[in-house]
Amino acid sequence: MATINSTNYPYSTDFIRAIVEEDNRSGKHDGRVHTRFPPEPNGYLHIGHAKSICLNFGVARQYGGLCNLRFDDTNPCKEEDEYVQSIIEDVRWLGFDWDDRLFYASDYFEQLYQWAVKLIKEGKAYVCDLTADEVRETRGTLTSPGTNSPYRDRPVEENLDLFERMRAGEFSDGSRTLRAKIDMAAANLNLRDPVMYRILHASHHRTGDKWCIYPTYDFTHGQSDSIERITHSLCTLEFENHRPLYDWYIQALGIFPSRQIEFARLNLTYTMMSKRRLLELVKEKHVAGWDDPRMPTICGLRRRGYTPEAVREFCARIGISKVDSTVDVALLEHCLREDLNRRAPRAMGALRPLKVVIDNYPEDQIEELDAINNPEDPSAGARKVPFSRELWIERSDFLEDPPKKYFRLAPGREVRLRYGYFITCVDFKTDPSTGKPVEIRCTYDPATRGGNAPDGRKVKGTIHWVSAARAVPVEVRLYDHLFTKPDPGDVAEGEDYRSNLNPNSLERLTDCYVEPSLRDAAPGERFQFERLGYFCVDPDSTAERLIFNRTVSLVDTWAKIQKKG
RNA sequence: UGGGGAAUAGUGUAACGGCAGCACGAGUGACUCUGGAUCACUUAGUCUAGGUUCAAAUCCUAGUUCCCCAGCCA
């Protein structure tokens with residue numbers, strides 16, 4: 001049952017691929033596989049959409065089929081071209097392509113209108129003068145049937161005339177609708193004479209003011225799939241109840257039947273995924289924007305430093321099923337580290353710098369030492385890093401009174417400076433007001449140049465460093481989960497997800513130093529800062545001042561040891 | 001109290017009447033010029049109760065729990 005997915009790892013086939021394979025075997029569509037990704041352009045794409053994108057484009061690719069990009073733009077009040085553009089950019093960034101098959105449901109408005117007329121003529125649709133409130137009242141409840149609209153049995157000619165005049169703009173918003181004549185007593189509420197058209201005197205992002213009546217999503221989606229001859233229409237679980245309605249329209253119209261298959265949407269721990277709430281986070285300025293690196297949006301992940309490969313690998317690993325589930329965000333981070341470990345060049349930087357002076361190193365000397373760019377990738381080559389008498393190291397790499405198992409610098413201790421020398425701490429100065437160390441005095445062993453001792457002696461610790469003489473001052477932004485709880489919606493009575501916002505999700509460090517090889521790094525470039533994590537250059541950077549986002553930290557075994565006490 | 005779905009280690013996902021497996025997480029150890037990476041080992045599961053069968057996660061019956069649906073949103 002193993003198949004090869006887009007990233008060439010074997011995974012077992014999910015239930016949707018099993019259906020596609022069965023259809024191919026039986027010759028249902030002569031082996032043709034055609035899917036589509038159908039976003040509404042009313043917001044930015046997030047990691048949940050990535051799951052759907054990878055599924056739809058992935059299935060098509062895997063079985064030699066096609067996948068369309070189609071905007072389901074049936075609600076002019078919420079949709080904007082800005083969203084269209086961002087969605088196009090994000091799907092491309094994820095690595096998928098739709099050739100010339102970029103469609104819009106609004107392309108089908110005229111056809112949809114003609115189909116509505118056809119249903120009216122066949123007595124299967126009617127113009128209803130009930131208000132929205134009245135429709136609600138007559139719909140019944142979950143347990144009791146609805147009642148027929150008094151306009152249900154309007155003569156065909158009258159319906160035709162009224163519908164035409166709806167289109168012509170003779171009536172005000174909400175004054176009438178076109179409804180399908182199905183069954184007001186149906187147990188499935190979607191079948192209780194659902195609205196097909198509503199009057200909306202609103203400009204549409206593509207059709208402008210051409211229309212003042214708009215088809216509902218339910219009267220559009222299935223037919224759009226049909227027009228595009230989609231074989232497998234993949235969507236999320238909440239549309240399962242709508243499938244009978246789509247099938248009703250398809251059958252009444254006698255058009256190509258796409259098969260809809262529903263799967264569970266993605267939930268992630270410590271993450272909010274609903275578009276509405278993401279919009280709130282942006283509007284209420286809990287984050288800096290849709291592309292804030294803490295957002296689960298595709299543009300947020302991109303700015304954070306995620307790679308499309310990591311996102312695709314994640315989507316391949318979580319699988320597809322119908323079970324409501326919440327994936328551990330640690331899996332996403334694992335996929336990220338796995339990818340970045342392979343490809344990110346290494347560099348050194350001190351985020352919380354502490355001065356080290358090497359007493360026996362010549363005052364004005366600067367040496368160029370050899371450093372490997374990526375131990376996982378020999379083709380990445382090597383670089384020179386300058387070494388001098390004064391250095392910056394990480395504040396956490398020195399402890400005046402080290403606990404057991406602490407391998408780093410401490411009074412009298414010898415450690416290795418990565419690719420540099422062995423140094424021994426001989427003294428340190430503290431800030432009299434805080435008692436914290438501000439300067440470490442060391443001696444170095446000239447024989448250990450490059451990091452090896454000719455006498456074969458070992459040191460337990462290796463720490464990173466930057467030459468103070470050549471350091472580039474930069475800003476670094478550290479990120480943590482946006483929410484403090486695995487389930488952000490887990491709140492006390494009267495509170496909402498906002499009370500679970502993590503006040504420490506962003507930490508800005510403005511006095512960091514990195515090695516000079518990073519001076520000309522471009523926005524979007526990714527690096528591993530040794531022993532610290534993966535970082536990428538933020539687009540807010542200027543020629544004078546680089547800003548790095550921490551994409552994800554390295555696995556920190558020492559932190560775990562400390563935590564256990 | 002209606003209809004539609006779903007229940008497998010902490011999490012996600014396989015097994016489609018024939019040895020419950022994989023991944024993440026967690027833990028232990030090895031190795032290491034990143035306390036990174038890598039490697040080895042360990043941990044831990046079929047919602048419940050009956051039934052059919054040589055054999056049940058899988059089939060049957062009854063129950064339990066969870067999710068979705070009462071927009072002129074998608």
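Side chains are part of it too, since the values below use all heavy atoms of this structure and drop only hydrogens, waters and symmetry mates. Per chain, numbering begins at 1; letters A, B, ... match sequence-line order.
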Okay, side chain of A:Thr448, backbone of A:Ala453: is any donor-acceptor separation there less than 3.5 Å?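 No: the side chain of A:Thr448 does not pair with the backbone of A:Ala453.
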
Main-chain N/O of A:His221 paired to A:Asp72 side chain as donor or acceptor, under 3.5 Å: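 Not confirmed, A:Asp72 side chain does not pair with A:His221 backbone.
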
Syn or anti for B:G71, please, going by whether the chi angle lies within 90° of 0.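 The base of B:G71 is oriented syn (glycosidic angle within 90° of 0).
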
Could you tell me whether the side chain of [X] has a donor or acceptor atom within less than 3.5 Å of a complementary atom in the base of [N]?
X	N	answer
A:Asn241	B:G3	yes
A:Arg317	B:U13	no
A:Glu262	B:G4	no

Report yes if a side-chain nitrogen or oxygen of [X] is closer than 4.0 Å to either non-bridging phosphate oxygen (OP1 or OP2) of [N]; otherwise report no.
X	N	result
A:Arg198	B:A74	yes
A:Ser321	B:U13	yes
A:Lys560	B:A26	yes
A:Arg136	B:G71	yes
A:Ser144	B:G2	no
A:Thr462	B:U32	no
A:Arg531	B:G35	yes

Does the side chain of A:Glu262 come within less than 4.5 Å of A:Arg243's, by heavy atoms?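 Yes. Closest side-chain heavy atoms under 4.5 Å.
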
Base paired to [N] (Watson-Crick or G-U; both N/O distances under 3.5 angstrom):
N	result
B:U52	none
B:U46	none
B:G35	none
B:C72	none
B:U28	B:A40
B:G21	B:U13
B:A57	none
B:U65	B:A6

Please determine, for the side chain of [X], which listed nucleotide ([options]) has the closest atom?
X	options	result
A:Val135	B:U34, B:C72, B:U13	B:C72
A:Thr143	B:A74, B:G2, B:G3	B:G2
A:His334	B:C24, B:A7, B:G36	B:C24
A:Glu240	B:G36, B:C68, B:G4	B:G4
A:Pro375	B:G2, B:A74, B:G36	B:G36
A:Leu142	B:U11, B:G35, B:G2	B:G2
A:Val323	B:G35, B:G3, B:A7	B:A7
A:Thr216	B:C72, B:U34, B:A23	B:C72
A:Arg139	B:U11, B:C72, B:C73	B:C72
A:Lys564	B:U28, B:A26, B:C67	B:U28

Between A:Tyr113 and A:Phe163, does the ring pair (Phe, Tyr, Trp, His ring centres under 6.0 Å) criterion hold? Intermediate values first, please. CA-CA 10 Å; A:Tyr113 180 84; A:Phe163 188 47; 4.8 Å; yes

Looking only at heavy atoms, what is the nearest atom pair of A:Ser86 and A:Tyr44, with distance?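 That would be CB-CE2, 3.4 Å.
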
May I ask you to say what [X] touches in the nucleic acid, namely base, sugar-phosphate or nothing, with a heavy-atom cut-off under 4.0 Å?
X	value
A:Phe239	base
A:Leu554	base
A:His464	nothing
A:Leu340	nothing
A:Tyr419	base

A:Trp558 and side chain to side chain contact (heavy atoms under 4.5 Å, CB included): which single residue from A:Lys563, A:Arg531, A:Lys405 fits?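 Filter result, single survivor: A:Lys405.
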
Side chains of A:Glu414 and A:Tyr444: is there a donor and an acceptor less than 3.5 Å apart?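 No, A:Tyr444 and A:Glu414 have no side-chain donor paired with an acceptor closer than 3.5 Å.
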
When the [atom1] atoms of [M] and [N] are compared, how many Å lie between them, rounded to an integer?
N	M	atom1	value
B:G21	B:A57	P	13 Å
B:U61	B:U11	P	29 Å
B:A7	B:U13	C1'	14 Å
B:C59	B:A14	P	16 Å
B:A62	B:G4	P	15 Å
B:C67	B:C47	C1'	15 Å
B:U64	B:U46	C1'	16 Å
B:A56	B:G50	C1'	14 Å

Which residue lies more 5' along RNA chain B, comparing A:Ser325 with A:Gly451 via nearest heavy atoms: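 Mapping each residue to its closest nucleotide by heavy atoms, the 5'-most match is A:Ser325.
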
Nearest-nucleotide 5' precedence on RNA chain B, A:Cys128 against A:Lys51: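 The answer here is A:Lys51.
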
Assess whether a salt bridge exists between A:Arg25 and A:Glu21, defined as any Lys/Arg side-chain N lying under 4.0 Å from an Asp/Glu carboxylate O.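 Looking at A:Arg25 and A:Glu21, the cut-off is not met.
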
If you count every heavy atom of other residues, nucleotides or ligands that lies below 6.0 Å from A:Arg265 atom CZ, does the total exceed 12?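 No, not enclosed.
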
